[in-house]
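Input: a single structure, listed below in structure tokens.
Heads up: numbering here begins at 1 and tracks the sequence. Scope of the values below: all heavy atoms of this structure, side chains included, with no hydrogens, waters or symmetry mates.
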Amino acid sequence: MARKLISEVLTEAGKIVKRDERIKFLQLNKSPGLTDILRINYDETVVPALPAGAPSYRQDDAPKDYQYTILNKAYTQFKYFFKGPIANDLQPLKRESLFLNLLESLHAEEAELLIAAKDKKMKYKGITKKLVRDAFPNLIVK
């Protein structure tokens, strides 16, 4: 079976009623992509180097499991999209082009999740900054 999309992990976590079970579920499904998305959304020290909102892009219409890539593989590209030594060296047009290419290669749910996290507007039932801090204590700086 293919690994779950990060959007699926967060949706499933939101359906778990008991808080401690939700935390355990997130910990069991921990991946670099998941923790990066949570950090991008909740950590105030992670600042986007991209314009706010969704750019105009062509959504991938491939069925689930047939998309070109997934956030759990593409998370290594996040360094180009948030302020820091690597992103700061990129021309804005190049950075936005990389972001568009990534969005167009992801399943639509994951592309929307990445845009929402970038803008710190991710909404999943029961997934809060406090819950993320409890699940992954050293993840969020501020």
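Under 4.0 Å is where a charged nitrogen must lie from a carboxylate oxygen, and between Asp134 and Lys130 at least one such pair does.
Under the side-chain contact (heavy atoms from CB on, under 4.5 Å) rule, Leu139 has a single partner from Leu38, Asp36, Asp43, which is Leu38.
Both Tyr80 and Leu100 belong to a common hydrophobic cluster when Ile, Leu, Val, Met, Phe, Trp and Tyr are linked at side-chain heavy-atom distances under 4.5 angstrom. By the criterion of side-chain heavy atoms lying less than 4.5 angstrom apart, applied directly or through intervening Ile, Leu, Val, Met, Phe, Trp or Tyr residues, Leu114 is grouped together with Ile86 in one hydrophobic cluster.
Between the OG1 atom of Thr35 and the CG atom of Asn138 there is a distance of 12.0 Å, given to the nearest 0.5 Å. One distance of note links CG of Asp61 with NE2 of His107; it measures 10.0 Å at 0.5 Å rounding. Remark: Lys129 NZ to Lys142 NZ distance equals 9.0 Å, nearest 0.5 Å.
Ile70 belongs to a hydrophobic cluster with Leu5, counting contacts under 4.5 Å between side-chain heavy atoms of Ile, Leu, Val, Met, Phe, Trp and Tyr, direct or through other members.
A heavy-atom distance below 4.5 Å is not found between the side chains of Asp60 and Leu103. In this structure the side chain of Leu106 never reaches within 4.5 angstrom of the side chain of Tyr57, judged on heavy atoms. Between Tyr124 and Val9, every side-chain heavy-atom pair lies at or beyond the 4.5 Å cut-off.
Using the six-membered ring where Trp is involved, Phe81 and Phe78 have ring planes that are tilted, between 30° and 60° apart.
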Task: Stepwise side chain to side chain contact (heavy atoms under 4.5 Å, CB included) test for Ile127 and Arg22 - done: CA-CA 9 Å; Ile127 308 297; Arg22 188 177 306 140; 4.1 Å; yes
TODO: Apply side chain to side chain contact (heavy atoms under 4.5 Å, CB included) to Asn41 and Val132, showing your working.
DONE: CA-CA 10 Å; Asn41 190 72; Val132 171; over 6 Å; no
Task: Test log, rule side chain to side chain contact (heavy atoms under 4.5 Å, CB included), inputs Gln77 and Phe99 - done: CA-CA 9 Å; Gln77 296 178 43; Phe99 191 62; over 6 Å; no
- [ ] Check the pair Glu109 / Thr11 against side chain to side chain contact (heavy atoms under 4.5 Å, CB included), numbers first and verdict last.
- [x] CA-CA 11 Å; Glu109 275 182 26; Thr11 300; 5.5 Å; no
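Side-chain N or O atoms of Glu110 include one that pairs as donor or acceptor with a backbone N or O of Leu71 at under 3.5 Å.
Leu28 CG: more than 12 foreign heavy atoms inside a 6.0 Å radius. Within 6.0 Å of NZ on Lys120 lie more than 12 heavy atoms contributed by other residues, nucleotides or ligands. No more than 12 heavy-atom neighbours from other residues, nucleotides or ligands sit within 6.0 angstrom of NZ on Lys94.
Annotation for Ala87 and Phe82: closest pair CB-O, 3.1 Å, computed over non-hydrogen atoms.
Residues meeting the side-chain hydrogen bond (donor to acceptor under 3.5 Å, both in side chains) test with Asn29, sequence neighbours left out: none. Glu21 pairs by the side-chain hydrogen bond (donor to acceptor under 3.5 Å, both in side chains) definition with nothing, not counting sequence neighbours.
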